[in-house]
Trainee: 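Quick one: the structure is below, questions incoming.
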Protein chains: 2
Amino acid sequence: MLNQSAALDLTFQALADPARRAMLERLSTGSASVSELARPFSMSMPAVLQHLAVLENAGLTLSRKSGRVRTCEINPQALNTAQDWLSARRAEWEHRLDRLEAYLNELQNKDQGNG
Amino acid sequence: MLNQSAALDLTFQALADPARRAMLERLSTGSASVSELARPFSMSMPAVLQHLAVLENAGLTLSRKSGRVRTCEINPQALNTAQDWLSARRAEWEHRLDRLEAYLNELQNKDQGNG
DNA sequence: CATATAGTTAAGTATTGACTTATCTATTTC
DNA sequence: GAAATAGATAAGTCAATACTTAACTATATG
């Protein structure tokens, strides 16, 4: 069990690499084998495996092996953590802007009363 | 000018650190000086400045100096890049699930026809 | 003007990250 | 069952991160 902050660390860290994002983009269109995921990259297989380990460790993907083929897929709830955090920040920030706007309106009304 | 992928690299990288997220959380409630942002942390001032530089370099924050005080704030459009990417992935992924569902329904209808 | 305050720069260290090559293990397929 | 295929593990390299302390520069304030 991982605390919220550590989960965000892993998630954002995993998303910070273009190769890993590309793998997620591929996976968001359907599951794929390791070699299939590796194909677009000019990168050794161990490098690809490390990227996949980062994704899986962050809970962004799942995989199971059948025969000699490992099939990877996106973990449904995966992006929630990240999206929720971003949404919360934006909500807070917009709330603050609303308050500021209300305050400015109030000031303006007072000015009109005084003018 | 930065390409889309490099911008995402910087953004997610910046978000991957708990101290930087905490600073953004603080800033999403209103602007703050450097020392104000530093206060909650048991971290040297240079370390705080480096975190702030990462945030600003990623376009997540803005700052200006007046007198001897530097005031930092959130950059409005900052979280868009990250949020858009996450939304796109989720959209793709859900679209795929919809297609799968449709396909499974189709299969079921055929089965009923054959039953 | 002396001193405290707010921030900045430089330089060094220790850890983590993103790879590499080489080697090795299972599974298919012919 | 020999050879190709799919993936895994080990170990090492190089650069980037996340800090540190020390020293320095402005701007306020008593």
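For clarity, every value in this text was computed on a predicted model and none was experimentally measured.
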Trainee: Indicate the atoms forming the closest heavy-atom contact of B:T81 with B:A7, along with that distance.
Mentor: CG2-CB, 4.5 Å
Trainee: Between atom CZ in B:F12 and atom P in D:dT17, what is the gap in whole Å?
Mentor: 16 Å
Trainee: Between C1' on C:dT5 and CD on B:E36, what's the gap in Å once rounded to a whole number?
Mentor: 15 Å
Trainee: Can you name the closest pair of heavy atoms from B:P18 and A:D9 and give their distance?
Mentor: CD-OD1, 3.4 Å
Trainee: Return the value, rounded to whole Å, for the distance between atom CE of A:M23 and atom C1' of C:dA18.
Mentor: 12 Å
Trainee: With the threshold set at under 4.0 Å for non-hydrogen atoms, list the residues of residues 13-21 of chain A touching DNA chain D in residue-number order.
Mentor: none
Trainee: A:S33 and A:V69: which non-hydrogen atoms are nearest, and at how many Å?
Mentor: CB-CG1, 3.8 Å
Trainee: With the threshold set at under 4.0 Å for non-hydrogen atoms, list the residues of residues 41-50 of chain B touching DNA chain C in residue-number order.
Mentor: B:M45, B:P46, B:L49
Trainee: Could you check whether the rings of B:W85 and B:F12 sit parallel, tilted or perpendicular, using 30° and 60° as the cut-offs?
Mentor: perpendicular
Trainee: Under 4.0 Å from any atom of DNA chain D, heavy atoms only: list the residues of residues 61-73 of chain A that qualify, in numerical order.
Mentor: A:K65, A:R68, A:V69, A:R70
Trainee: Could you tell me the separation between the CG atom of B:L52 and the C1' atom of C:dT9, rounded to a whole number of Å?
Mentor: 15 Å
Trainee: If you group Ile, Leu, Val, Met, Phe, Trp and Tyr by side-chain heavy-atom gaps below 4.5 Å, do A:L8 and B:V54 land in one group?
Mentor: no
Trainee: Nearest 0.5 Å, please: how far is CD in B:Q83 from OG in A:S87?
Mentor: 4.5 Å
Trainee: Is it the case that the side chain of A:R21 and the backbone of B:S5 share a donor-acceptor pair, with hydrogens and angles ignored and the cut-off at 3.5 Å?
Mentor: yes
Trainee: Do you know which of A:N75, A:L52, A:L27, A:L24 makes side-chain contact (heavy atoms from CB on, under 4.5 Å) with A:L60?
Mentor: A:L24
Trainee: Nearest-Å distance, NE2 (A:H51) to C1' (C:dC19)?
Mentor: 8 Å
Trainee: Step by step, would you call B:E92 with B:R89 a salt bridge (Lys or Arg N to Asp or Glu O under 4.0 Å)?
Mentor: CA-CA 5 Å; B:E92 257 173 1; B:R89 293 298 77 65; 3.3 Å; yes
Trainee: Taking B:Q13's backbone N and O only, do any of them form a donor-acceptor pair with B:R20's side chain (distance below 3.5 Å, no angle check)?
Mentor: yes
Trainee: When rounded to the nearest 0.5 angstrom, what distance separates CZ in B:R70 from CG in B:L37?
Mentor: 12.0 Å
